[in-house]
2 protein chains.
Amino acid sequence: MNIGEAAKASGISGKMIRYYESIGLIPSVGRTEAGYRSFSDKDIHALRFIARARSLGFSVEQMSNLLALWRDDKRASSDVKAVAYAHIEELDSKIGKLIAMRQTLQHLAEHCQGDHRPSCPILGDLAGTADPGEIASSSAHPPLTC
Amino acid sequence: MNIGEAAKASGISGKMIRYYESIGLIPSVGRTEAGYRSFSDKDIHALRFIARARSLGFSVEQMSNLLALWRDDKRASSDVKAVAYAHIEELDSKIGKLIAMRQTLQHLAEHCQGDHRPSCPILGDLAGTADPGEIASSSAHPPLTC
DNA sequence: CCTTGACCTTACAACGGTGGGAAGGTTTAT
DNA sequence: ATAAACCTTCCCACCGTTGTAAGGTCAAGG
């Protein structure tokens with residue numbers, strides 16, 4: 001299997017397959033006499049594993065751990081679960097920050113007239129010159145946990 | 001005002017202040033005879049504007065637009081509002097993706113025994129060998145909109 | 001006056017992932 | 001035989017931030 005076919009079969013671009021190989025995320029695959037990479041079914045399987053892990057937001061480093069666990073017959077599922085929960089916490093942290101941003105911004109935008117006049121509470125907040133009576137300070141991001 | 005003092009006053013590292021200057025996000029500030037950057041109150045004000053915008057997740061390009069609007073006395077607040085809403089949509093998109101990941105992962109992790117045994121639905125899903133009866137396919141990410 | 005330490009300057013590299021492209025070799029189909 | 005579609009390696013770009021190295025400057029104290 002060519003790298004092009006492997007890319008189609010796995011959903012990972014050829015560029016990225018080479019990159020993953022170069023950083024050691026996947027072991028070096030076989031080569032033809034002409035130097036072309038030759039992917040076995042096992043290689044494709046690993047690539048699809050990676051594609052799926054990537055779609056769940058795992059970092060390359062986390063994927064490296066997961067791949068090692070996958071290959072290890074004597075792994076403990078608790079180890080896998082720990083990696084998963086660590087990632088869930090990362091996701092929660094990111095989600096929380098984004099929601100706080102969204103909340104603040106929404107609040108500011110709602111108070112903006114949005115007309116031809118220059119007066120704007122959004123810029124007022126950014127510049128630190130917002131009327132604190134008109135709009136509650138947005139730095140007090142509410143404990144919104146979704 | 002030194003760059004160090006400016007950094008403390010604005011909450012932006014000296015490194016980043018130089019970077020923002022280098023890419024033209026802020027105009028070149030004055031210099032002392034010895035070549036040290038000298039920040040005016042106005043400069044600090046702009047830096048604090050940037051720090052606040054950054055904390056709301058605006059990209060450098062968006063900040064550039066916002067700064068231009070801020071400096072423009074004849075701006076229309078609708079223009080500012082448009083930038084804000086565009087960013088809110090970006091945030092929503094990111095949040096949605098992260099929540100979908102989180103949801104899938106949580107679901108998988110809940111079904112993992114997390115003991116000393118190797119059997120693990122998380123790896124099963126990633127490898128594409130999960131029992132479809134045991135665990136609903138996680139690729140059908142639910143329409144969770146928070 | 002001189003040293004020391006804390007600051008400043010520029011310039012370069014690195015990170016994580018991903019994409020783009022150049023320059024050259026190979027395979028496949030016409 | 002030739003053209004198109006591959007493949008190879010190599011370097012560069014993005015974004016935002018940090019680190020580091022080599023050198024200049026300022027303020028304090030001996």
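None of these values were measured; they are calculated from a predicted model. Lettering follows sequence order; numbering is per chain, from 1.
At whole-Å resolution of the value, CD1 in A:I17 and P in C:dG17 are 17 Å apart. In this structure, B:K8 atom NZ and C:dA6 atom P are separated by 12 Å, rounded to whole Å. Atom CD in B:E5 sits about 10 Å away from atom C1' in C:dC7, given to the nearest Å. In this structure, A:I3 places its CD1 atom 15 Å from C1' of D:dA5, rounding to the nearest Å. Atom P of nucleotide D:dG16 and atom CE of B:M16 are separated by 8 Å, given to the nearest angstrom. Straight-line distance from the CG atom of A:L25 to the C1' atom of C:dG17: 12 Å, rounded to whole Å. The CD-C1' distance, from B:E61 to D:dG16, rounds to 14 Å in whole Å. Here C:dG19 presents its C1' atom at 15 Å from CD1 of A:I12, a figure rounded to the nearest Å.
For the pair A:R18 (side chain) and A:S22 (backbone), a donor-acceptor distance under 3.5 Å is absent. Between the A:H45 side chain and the B:A127 main chain, a donor and an acceptor come within less than 3.5 Å of each other. Put simply, the side chain of B:R37 never gets that close to the backbone of B:R31: no donor and acceptor are under 3.5 Å apart.
For A:Y20, no side-chain nitrogen or oxygen approaches OP1 or OP2 of C:dG17 to under 4.0 Å. Regarding contacts with the backbone of C:dG16, every side-chain N or O of A:S59 stays at 4.0 angstrom or more from both OP1 and OP2.
Applying a 4.0 Å cut-off to non-hydrogen atoms, none of the residues of residues 38-50 of chain A approaches DNA chain C.
Ring geometry for A:F49 versus A:W70: interplanar angle under 30°, hence parallel rather than tilted (30 to 60°).
By the 6.0 Å contact criterion, CZ on B:R48 is open, its count of non-hydrogen atoms from other residues, nucleotides or ligands being 12 or less.
When side chains are defined from C-beta on, A:N2 does not count as touching A:K8, because their heavy atoms never get closer than 4.5 Å. Contact annotation: the side chain of A:L105 approaches that of B:L91 to within less than 4.5 Å [non-hydrogen atoms, C-beta and beyond].
Checked against side chain to side chain contact (heavy atoms under 4.5 Å, CB included), A:A9 has the following partners two or more places apart in sequence or in another chain: A:M1, A:I44.
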Pairs under 3.5 Å (N/O, protein and nucleotides 26-30 of chain C):
{"residue": "C:dT26", "atom": "O4'", "partner": "A:Y36", "partner atom": "OH", "Å": "3.1"}

Using the 3.5 Å cut-off, write out each protein N or O paired with an N or O of nucleotides 10-14 of chain C and the distance between them.
{"residue": "C:dT10", "atom": "OP1", "partner": "B:R31", "partner atom": "NH1", "Å": "3.3"}
{"residue": "C:dT10", "atom": "OP1", "partner": "B:R31", "partner atom": "NH2", "Å": "3.0"}
{"residue": "C:dT10", "atom": "OP2", "partner": "B:R37", "partner atom": "NH1", "Å": "3.0"}
{"residue": "C:dT10", "atom": "OP2", "partner": "B:R37", "partner atom": "NH2", "Å": "2.9"}
{"residue": "C:dA11", "atom": "N6", "partner": "B:K15", "partner atom": "NZ", "Å": "3.1"}

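Sorted by first and then second residue, the ring-ring contact (aromatic ring centres under 6.0 Å, His included) pairs involving residues 6-41 of chain A (not counting sequence neighbours) form an empty list. Contacts classified as side chain to side chain donor-acceptor pair (under 3.5 Å) and involving residues 91-101 of chain B (residues at least two apart or in different chains) are given here: A:R102-B:D92.
Closest of all the heavy-atom pairs between B:T32 and B:S38 is CG2-CB, 4.3 Å. Across A:L47 and A:I17, no two heavy atoms sit closer than the pair CD1-CD1, 3.9 Å.
In the set D:dG16, D:dC7, C:dG19, D:dG16 carries the atom at the smallest distance from any side-chain atom of B:Y19. Here the side chain of A:R54 is nearest to one of C:dG17, D:dC6, D:dG16, namely C:dG17.
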